[in-house]
Structure formats: C-alpha cells, structure tokens
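Below, each value reflects all heavy atoms present in this structure, side chains not excepted, and no hydrogens, waters or symmetry copies. Order of listing sets the numbers, starting from 1, for every ligand and every atom in it. Note that the numbering runs from 1 along the sequence shown for the chain. On a predicted model such as this, the values are computed, not experimentally measured, just so you know.
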Amino acid sequence: MCGIFGAVTPGADAAGIAALGVFSLQHRGQESAGIAVSDNGQLMLYKDLGLIAQVLDERRLPSLRGPLAIAHCRYSTTGSTIWENAQPTFRMSRGKSIAVGHNGNLVNTRELLARLEGGKSRLPATTDTELLTALLADDPSGDTVQALLNVLPHVKGAYSLAILDEKRVIGVRDPIGFRPLVLGRLEPAADDPRGKHSGGWVISSESAAIEVVGGTVVRDIEPGEIVILEEGKDPVSIRFAEGHEQLCVFELIYFGRPDSYMLGRNLYESRRRMGVALATEAPVEADLVMPVPDTGAPAAAGYAEGSGLPYREGMVRNRYSGRTFIQPSQGMRQRGVTVKLSPLREVVAGKRLIVVDDSIVRGTTTRQIVALLRKAGATEIHLRISSPPIHHPCFYGIDTQVETELIASTHSVDEIRDFVGADSLTFLSIGGVLSALDLPYDRFCFACFDGRYPVPVPYDTARHKFVLEDADGEPVSQGESAAMAANHPQPND
Ligand code: AMP
C-alpha cells in the first residue's frame with residue numbers, strides 16, 4: 001500500500017498542498033515519505049524513511065518551491081525498508097527528468113527487467129517502481145506521455161501513478177484499476193485576475209485528501225487512463241488501454257479512510273452496512289457489541305444496529321502507537337498488542353461480548369486481543385469479522401503475507417477460532433460484502449478471498465512474492481529476501 005498525491009497550482013505552493021494531501025493519506029503507508037517539485041524546468045526531490053510529518057517538516061518544505069509537485073508515502077510490498085526504496089523515484093535521461101510515485105505492485109518484473117538496457121546493474125533500488133521509472137526515462141521518445149504509451153502495454157499488475165516531469169503532473173491508472181486514483185480541482189480565488197486558471201488541479205489516492213486540501217472531487221481517474229495536468233490548462237485525458245475496473249475490495253473493507261468515496265460508495269457507510277449484513281448472517285446471543293479499534297468501529301456500529309444490541313467501546317487504543325514506535329527492549333516488545341490496545345474492564349467484565357473486526361490476516365493480533373478481554377473478565381467472546389477469510393496473498397499492492405503466513409490458508413474457521421481462543425467466530429461472506437456495497441462481483445478484485453486473480457501472477461507465489469527478480473529468477477539484490485523478512489511490517493503495525 002502507498003499513498004500518492006499530485007498538485008498543479010500556478011502561483012501557489014504546490015509542495016505545501018502535496019505535503020498536506022499525502023499527510024491525509026498517511027494511513028496508506030508509514031515507512032517512508034517523499035516529495036518532488038518542479039520549478040522552472042528543474043526537478044527537486046526529497047525523501048526519507050519515517051512519517052510524513054517527520055520527513056516533510058516545516059524546515060524542509062519552504063525550500064521546495066514551484067507550481068508542480070507529487071508526494072508519496074510508502075508501505076513496502078516489494079523491496080525492503082531502506083532509503084533507496086523510498087519514493088518518489090527520480091531519473092534523468094537524455095537531459096530530461098522524471099519522478100514517479102507508485103501505489104500498487106507489478107507482477108511481471110522479470111520480463112520488464114529483461115527490457116531494461118543494462119539490466120539490474122542500472123537500478124539503484126530494488127523496487128518495481130524503480131524499474132518502471134528507468135524504463136520510462138530510457139524511452140527514446142524523450143517525452144513522458146509518449147514513454148507511457150510505449151511502455152505501459154508491457155507492464156502487468158497494479159499501478160496507480162503520480163508522475164512529475166518538468167512541465168506536468170501526470171496521473172495513471174492501470175487497466176484493471178486495482179488501486180484508486182481521484183482527480184480534484186482547486187478553485188481559483190474569486191479576486192484573482194488570472195481567472196479560472198489561477199486555481200489548480202490535484203490527483204490523490206483517495207477523495208478525502210482532496211477535500212482536506214480544500215479541493216473539490218471531480219471524478220475517479222478511469223482504469224487505462226492517463227490524465228495530464230499542466231499549468232493554466234484543463235486536464236487532458238488519454239486512454240492507453242481498454243479498462244475494466246476491478247477495484248481491490250479490501251480498500252473498501254479496511255484500507256481507505258472512512259470519509260473517502262470509492263465507486264461512489266462512502267467507506268464508512270460501506271463498512272457499517274457490512275456490519276449490518278454480518279448481524280444478519282451470524283447472529284449470536286450476547287450482552288454488547290464492541291469494535292476492535294479503530295478500523296473495526298464502523299462495522300461494529302452496523303452489527304449493533306442490525307442485532308439491536310448495545311454498542312460499547314470495550315478497548316482503548318493508544319493513538320500515538322504507530323509502527324514507528326520504538327520498543328525500548330525485547331521484553332517490552334513481547335508485550336505486543338498491550339502497548340496499542342487496552343481493555344476497558346468497566347465495560348467488558350462479566351459480559352458476553354460480540355467483538356467486531358474488519359479482517360484476520362495472521363491471527364496473532366486477534367489472539368492477543370481475545371486473551372486481553374478474557375483477562376479483563378469477559379465471560380464469552382464471539383468474534384465477528386466483516387470480511388471473508390483471507391486465503392490468498394495479494395500481488396497487487398497490499399501487504400498480505402505469503403500464503404503460508406495467512407492463517408486462513410492453512411486453518412479452517414473452527415481451527416482459527418480455537419487458535420485465537422474465541423467462543424465463536426464467523427466471517428462475512430463474499431455475498432454479504434457485495435450486498436453491503438450494492439455492486440456486482442465483477443466490479444472488484446476479490447483475489448485474496450477467492451484466489452481469482454484478475455491479472456495472472458506468473459511466479460511461484462510462496463517464494464517469490466516480494467522479490468524483484470532477474471531473468472534467472474535470482475533476486476535483484478542479494479540478501480534482499482532476508483532483509484525484507486526482517487523489516488516487513490506485521491498486520492496492525
Ligand atoms: P491478525 O489477528 O494478526 O491477523 O491482525 C488482524 C488485524 O490486522 C485486524 O485488526 C486488521 O484491521 C489488521 N490488518 C488487516 N490487514 C492489514 C495490513 N495489511 N496491515 C496492517 N494491518 C492489517
């Protein structure tokens with residue numbers, strides 16, 4: 001997962017707007033952040049590991065000037081958490097520069113690497129994005145849009161892109177539209193003599209970030225579409241492929257902000273309706289309904305509404321415990337989830353609880369939560385999950401682990417219930433998700449739930465998930481797999 005944001009704002013501070021935009025997308029990636037600006041035909045880029053507020057602070061931003069900017073926050077799905085892998089990527093070739101921010105995951109990196117003159121030795125980093133950037137910069141046309149038209153037909157997988165060159169911010173969405181990308185408008189100031197062109201345009205992973213920067217959502221960028229934003233001009237749209245949208249359904253279940261809209265659906269409402277559907281599919285006698293905070297809250301509200309049971313907050317979440325929290329010692333680390341979540345004894349003691357969460361990935365956090373609630377005196381714990389079991393890894397940009405680490409790929413629902421220690425456990429069905437969203441199955445990618453991958457994944461899924469390989473199947477950088485295993489974020493980090 002990643003968040004991308006781009007801004008074209010003549011006469012205004014594009015970097016400030018892009019930084020604020022990507023700050024509103026922080027939930028999509030907390031490992032690294034970066035920004036690229038273009039001013040008078042010169043690109044400047046700054047990126048680092050860490051949260052957006054740490055990387056793009058007020059000492060850094062004023063030095064990044066210009067009317068064009070893109071920004072990115074990263075959650076690694078290929079390549080490890082090292083500075084080189086932070087984005088935007090940057091490349092200069094034939095006297096031209098481009099910077100790229102990517103949300104998604106390419107699945108044919110082996111073939112793409114074979115197309116790159118000079119091969120892997122030319123890549124400073126180990127991500128699919130770096131490879132794509134190099135292919136675009138190498139394109140003989142010397143023009144970013146023409147390069148996209150030449151290169152994208154060979155690229156397979158998930159990519160929503162924010163690209164910056166000397167004159168343009170360019171938004172691109174892959175033909176399946178796995179990841180969201182939205183076009184927005186910044187209204188001109190009423191008294192600006194330059195009229196309508198004094199406003200600006202933005203692109204964003206999510207609609208909510210456009211509203212945060214004071215813009216108006218115009219529309220989703222279509223699958224297979226390139227949108228070109230230039231100073232003082234209206235957006236230009238080019239189709240590079242026939243698109244058939246199958247948006248990642250997990251965006252609506254878990255990833256996106258509740259105040260964002262995708263496929264015309266508000267995500268809070270979608271999740272609340274999933275909770276209502278779950279109450280219909282899996283009723284149980286209990287005293288109260290509570291969420292696993294924060295992301296389980298809308299579905300828990302829906303479950304309470306559907307079941308007629310009272311809604312309570314049975315756990316408190318430490319809102320400062322992001323994944324950057326540095327545990328002072330191994331002993332502290334083992335305390336695990338207690339740093340993040342603590343039960344409210346007053347609410348749960350002596351009660352039969354319905355605990356609602358949006359998903360189970362490895363089951364480890366859920367198991368700790370159940371243990372905490374029991375310790376706090378809950379008499380029964382009925383887990384209700386507002387998505388189906390995750391049986392298969394995602395190859396399109398979500399960090400669901402390799403197959404063997406997904407608890408539902410190796411355990412039945414009863415076995416998962418026993419592992420996490422709940423009295424009962426039920427997952428919402430795919431039909432339940434669809435009824436809540438009131439959209440047909442073929443509008444979404446459900447691959448992590450049913451294994452039907454819209455774009456074939458060519459490699460051995462268990463071994464090669466995260467590795468950018470060369471033609472011999474060798475990882476691009478030695479030791480990368482081990483480094484990734486060590487650095488890879490765990491669910492709920
Ligand atoms: P676990 O019991 O360890 O599988 O963790 C389940 C929790 O992880 C749920 O509360 C989800 O909201 C959360 N979750 C699901 N997918 C992810 C992800 N890709 N990254 C971080 N947390 C996630």
| note | Numbered in order shown, the ligand 1 atoms found under 4.0 Å of a heavy atom of F255 are 19 (N)
| query | At under 4.0 Å between heavy atoms, which part of T365 makes contact with ligand 1: side chain, backbone, both or neither? | reply | both
| task | Assess the side chains of E130 and H102: does a donor N or O sit below 3.5 Å from an acceptor N or O? | result | no
| query | Looking only at heavy atoms, is any part of F419 under 4.0 Å from ligand 1, and if so is it the side chain, the backbone, or both, or is it neither? | reply | neither
| said: I'd like to check which ligand 1 atoms, numbered from 1 as shown, lie under 4.0 Å from a non-hydrogen atom of D358. | reply: 11 (C), 12 (O)
| message | For the 3.5 Å polar cut-off, considering only N or O atoms, please tell me whether V292 and ligand 1 meet it. | response | no
| Under 4.0 Å to a heavy atom of I360 - the qualifying atoms of ligand 1, by number | 4 (O)
| field | Which of the ligand 1 atoms, numbered from 1, are nearer than 4.0 Å to a heavy atom of T295 | value | 12 (O)
| Does some side-chain heavy atom of L353 sit less than 4.5 Å from a side-chain heavy atom of R374? | no
| query | Should the pair R28 and Y75 be classed as cation-pi, given the thresholds of under 6.0 Å to the six-membered ring centre and 45° from the axis? | reply | no
| message | We want to know whether T109 and D128 form a side-chain donor-acceptor pair, criterion being a heavy-atom distance below 3.5 angstrom. | response | no
| message | Can you confirm if the NZ or CZ of R367 lies within 45° of the ring axis of F419 and under 6.0 Å from the centre of its six-membered ring? | response | yes
| field | Ligand-side contact atoms (ligand 1) for residue partner R362, heavy atom cut-off under 4.0 Å | value | 1 (P), 4 (O)
| query | Does K351 reach the main-chain N or O of D287 with its side chain, forming a donor-acceptor pair under 3.5 Å? | reply | no
| field | For Y75, atoms of ligand 1 separated by under 4.0 Å from a heavy atom | value | 18 (C), 19 (N), 20 (N), 21 (C)
| request: Report, in ascending order of atom number, the atoms of ligand 1 lying under 4.0 Å from any heavy atom of T364. | output: 1 (P), 2 (O), 3 (O)
| said: Residue-level breakdown please: for D357 versus ligand 1, do any non-hydrogen atoms fall below 4.0 Å on the side chain, on the backbone, on both, or on neither? | reply: side chain
| said: Checking side-chain polar atoms at under 3.5 Å, does S409 have a donor or acceptor matched by the opposite partner on H391? | reply: no
| message | Distance under 4.0 Å to a non-hydrogen atom of F250: what atoms of ligand 1 satisfy this? | response | 16 (N)
| For ligand 1, is there an N or O atom under 3.5 Å from any N or O atom of G363? | yes
| request: Indicate yes or no for a side-chain donor-acceptor contact from R272 to the backbone of Y303 under 3.5 Å, with no hydrogens or angles considered. | output: no
| request: Compute whether any side-chain donor of one residue and acceptor of the other, for Q246 and H244, lie under 3.5 angstrom apart. | output: no
